[in-house]
**Student:** 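Okay, here's the structure, questions in a sec.
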Amino acid sequence: MTSRRQFSPLCDVHHTSMRRMMLEEDSEEIRSYYACERRDCTRVFRDPSGYLDWSGGRFDESRACVRICPTCGAILYLADVDESRKIETWECPRMGCEFVREFPTPAAR
């Protein structure tokens, strides 16, 4: 159950698309991540750690946002935002897991 389907997370701050990036270093940890497409945004999404910031050439977890799938334990990603209803839809990226949950956007809280 470790394989994952293709997914495209949205930035949890700006609700904009994120693009897949690769670290340019040799290491044992996962080298890919998703970065917000806004030029001034430092938000990234990583499978093992959820949403956090890329700052000073490293991942900064001081503002981390992690939502765990209660079905399989994978990290959820922000899949859709309905601005008119002020609802965020978070989904599980794990193949075979169909978990989806809606939450109020920060603006609705």
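Because the structure is predicted, anything quoted here is derived from the model rather than measured.
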**Student:** On a heavy-atom basis, which atom in Phe45 and which in Met18 lie closest, and how many Å separate them?
**Tutor:** N-CE, 3.7 Å
**Student:** Do Ile68 and Val100 share a hydrophobic cluster (ILVMFWY, side-chain heavy atoms under 4.5 Å, transitive)?
**Tutor:** no
**Student:** Looking at CZ of Arg19 and OG of Ser8, how far apart are the two atoms once the value is rounded to the nearest 0.5 Å?
**Tutor:** 13.5 Å
**Student:** Measure across Pro9 and Tyr77 and return the closest heavy-atom pair with its distance rounded to 0.1 Å.
**Tutor:** CA-CD1, 3.7 Å
**Student:** Flag the pair His15 / Glu83 as yes when at least one side-chain heavy-atom distance between them is below 4.5 Å, and no otherwise.
**Tutor:** yes
**Student:** Measure the shortest side-chain to side-chain distance between Arg38 and Arg43 over non-hydrogen atoms and say whether it is less than 4.5 angstrom.
**Tutor:** no
**Student:** Any chance you could measure Trp90, atom CH2, to Ile75, atom CD1, to the nearest 0.5 Å?
**Tutor:** 10.0 Å
**Student:** Using the six-membered ring wherever Trp is involved, compare the ring planes of Trp54 and Tyr33 and label them parallel, tilted or perpendicular (cut-offs 30° and 60°).
**Tutor:** parallel
**Student:** Could you check whether any side-chain heavy atom of Thr16 comes within less than 4.5 Å of a side-chain heavy atom of Cys36, counting everything from C-beta outward?
**Tutor:** yes
**Student:** Quick check for you: to the nearest 0.5 Å, what is the distance between Ser55 atom OG and Glu61 atom CD?
**Tutor:** 13.0 Å
**Student:** Please identify which of these residues, Leu78, Val13, Leu76, meets the side chain to side chain contact (heavy atoms under 4.5 Å, CB included) condition with Tyr51.
**Tutor:** Leu78
**Student:** Could you state the interatomic distance from CZ (Phe59) to OG1 (Thr42), rounded to the nearest 0.5 Å?
**Tutor:** 11.5 Å
**Student:** For Glu88 and Asp12, work out which heavy atoms get closest and say how close.
**Tutor:** OE2-O, 4.5 Å
**Student:** May I ask you to test the Phe7-Glu91 pair for a side-chain heavy-atom distance under 4.5 Å?
**Tutor:** no
**Student:** May I ask you to check whether Asp80 and Thr89 show a side-chain donor-acceptor distance below 3.5 Å?
**Tutor:** no
**Student:** Are the side chain of Arg94 and the backbone N or O of Cys72 linked by a donor-acceptor pair below 3.5 Å?
**Tutor:** yes
**Student:** Taking only residues two or more places apart in sequence or in another chain, which ones pass side-chain hydrogen bond (donor to acceptor under 3.5 Å, both in side chains) with Asp60?
**Tutor:** Ser62
